[in-house]
Amino acid sequence: MLRSKNIFIVEGDINDRRILAKLFEIVKFTHVMHLAAQAGVRYAMENPNSYVHSNIAGLVTLLEQCKSADPQPAIVWASSSSVYGLNDKVPFSESDRTDRPASLYAATKKAGEEITHTYNHIYGLSITGLRFFTVYGPWGRPDMAYFSFTRNILQGKPITVFRGKNGVDLARDFTYIDDIVKGCVASLDTAGKSTGSGGKKKGRAPYRIYNLGNTSPVTVPVLVGILEKNLKIKAKKNVVDMPGNGDVPFTHANISLAQRELGYKPTTDLPTGLRKFVKWYLSYYGYNDGKGNSVNS
Ligand SMILES: NC(=O)c1ccc[n+]([C@@H]2O[C@H](COP(=O)([O-])OP(=O)(O)OC[C@H]3O[C@@H](n4cnc5c(N)ncnc54)[C@H](O)[C@@H]3O)[C@@H](O)[C@H]2O)c1
Ligand SMILES: O=C(O)[C@H]1O[C@H](OP(=O)(O)OP(=O)(O)OC[C@H]2O[C@@H](n3ccc(=O)[nH]c3=O)[C@H](O)[C@@H]2O)[C@H](O)[C@@H](O)[C@H]1O
């Protein structure tokens, strides 16, 4: 079905130079949208090397391939709101400090921003880094809070809600997937060309960084309340102090740069987006009938 739409899937590790070389030999890519990464803030404490493998070594392998391709593609890639780390100036703007990461995940994304800058500077690659803010929606990541909370609430299992310093609720600028996709497509459409390196260099290639957020942070307890309403089930909540696991107290995007240069304008608020997510979840996984049985709806 995908093939009839000219979509081809090749599975492999971005560290595999042979696969990348073969792909670039077959197709003259004009644009590369690079989303592959080891994601997740807290898992970095369990498996740090997987972050170095995918987010640093894998990124460099991909850039090496792109730099020597003819034509050189423009690259749009996923950085992360986590690069703002301990920044407490709100809302977070692209010009704010990003040199105080709170997790290894954030540090590898920040490293990615520096590494892509080098490839832009030396090899004239057109680079756009997108700082996504806590993306949610259908087909999302099962390890993320909104997703695992939904699963646990439906199964009658407790959920753990982290609480910040002095009992302050944690908050995130949750951003719906369709809005993120529009920001990605707009970034590809406006990427500008790579310009090559050395004697072949034809002027400076663009190097851009944009926040893609929702500009409207919501606390985690409010997120839980919206899920409870949609699922019509009261959650069993364990509220605990935020462990020192890489989490930051809040995120809040200033999106005026993306608005101006990409025409980015998020249109889905959290209640609407979570309603769509829960509808998808129930149709995909079915629901629990209260006797421990999963029923497909
Ligand atoms: N979901 C969010 O809230 C969020 C927020 C900020 C940034 N991001 C970034 O957006 C991108 C997509 O995130 P997602 O939430 O869809 O995560 P995801 O885990 O669903 O998708 C990442 C994909 O990359 C693949 N991958 C990992 N290492 C690889 C490697 N070495 N070679 C090939 N493939 C590899 C994984 O198998 C996975 O399919 C990631 O770069 C992530 O860091 C996500
Ligand atoms: O924007 C990003 O750059 C990042 O977004 C996402 O990270 P986070 O914002 O941490 O999302 P997520 O895990 O859903 O936790 C949401 C909230 O629930 C709290 N949380 C979490 C788990 C839990 O059991 N309890 C809890 O209270 C938790 O403390 C937090 O306050 C991506 O996963 C990550 O890949 C990265 O790219």
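Every number for a ligand or one of its atoms is a count from 1 in the order of the listing. These numbers were taken from a predicted model, which means no experiment stands behind them.
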Can you tell whether the side chains of Lys109 and Glu113 come within less than 4.0 Å, N to carboxylate O? no
Would you say Leu274 and Tyr136 make side-chain contact, with heavy atoms under 4.5 Å? yes
Side-chain contact test, heavy atoms from C-beta onward, threshold under 4.5 Å: evaluate it for Thr219 versus Phe250 and give yes or no. no
List of N/O pairs, ligand 1 versus protein, all under 3.5 Å?
unit_1: ligand 1; atom_1: 1 (N); unit_2: Arg141; atom_2: NH1; d: 3.3
unit_1: ligand 1; atom_1: 3 (O); unit_2: Val135; atom_2: N; d: 2.7
unit_1: ligand 1; atom_1: 15 (O); unit_2: Arg141; atom_2: NH1; d: 2.9
unit_1: ligand 1; atom_1: 24 (O); unit_2: Ala37; atom_2: N; d: 3.3
unit_1: ligand 1; atom_1: 28 (N); unit_2: Ser54; atom_2: OG; d: 2.8
unit_1: ligand 1; atom_1: 31 (N); unit_2: Asp13; atom_2: OD1; d: 3.0
unit_1: ligand 1; atom_1: 31 (N); unit_2: Ser54; atom_2: OG; d: 3.1
unit_1: ligand 1; atom_1: 32 (N); unit_2: Ile14; atom_2: N; d: 2.9
unit_1: ligand 1; atom_1: 41 (O); unit_2: Leu35; atom_2: O; d: 2.8
unit_1: ligand 1; atom_1: 41 (O); unit_2: Lys109; atom_2: NZ; d: 2.9
unit_1: ligand 1; atom_1: 43 (O); unit_2: Tyr105; atom_2: OH; d: 2.7
unit_1: ligand 1; atom_1: 43 (O); unit_2: Lys109; atom_2: NZ; d: 3.1

Are the aromatic ring centres of Phe277 and Phe147 under 6.0 angstrom apart? yes
Near ligand 2, which protein residues have a heavy atom under 4.0 Å away? Ala39, Gly40, Val41, Arg42, Ser80, Ser81, Ser82, Tyr105, Phe132, Phe133, Thr134, Arg141, Met144, Ala145, Phe149, Thr160, Val161, Phe162, Leu170, Arg172, Val220, Asp247
Among Ile180, Val185, Asp179, which residue meets the side-chain contact (heavy atoms from CB on, under 4.5 Å) test with Lys182? Asp179
Taking the six-membered ring of Tyr84 (Phe, Tyr or Trp), confirm whether the NZ or CZ of Arg131 is under 6.0 Å from its centre and within 45° of its axis. yes
Carboxylate-amine/guanidinium contact Asp269 Arg275, below 4.0 Å: no
Rounded at 0.5 Å granularity, tell me how far CG in Asn211 sits from CG in Asp96. 8.5 Å
Do you reckon Tyr210 sits in the same ILVMFWY cluster as Val83, going by side-chain contacts under 4.5 Å, direct or chained? no
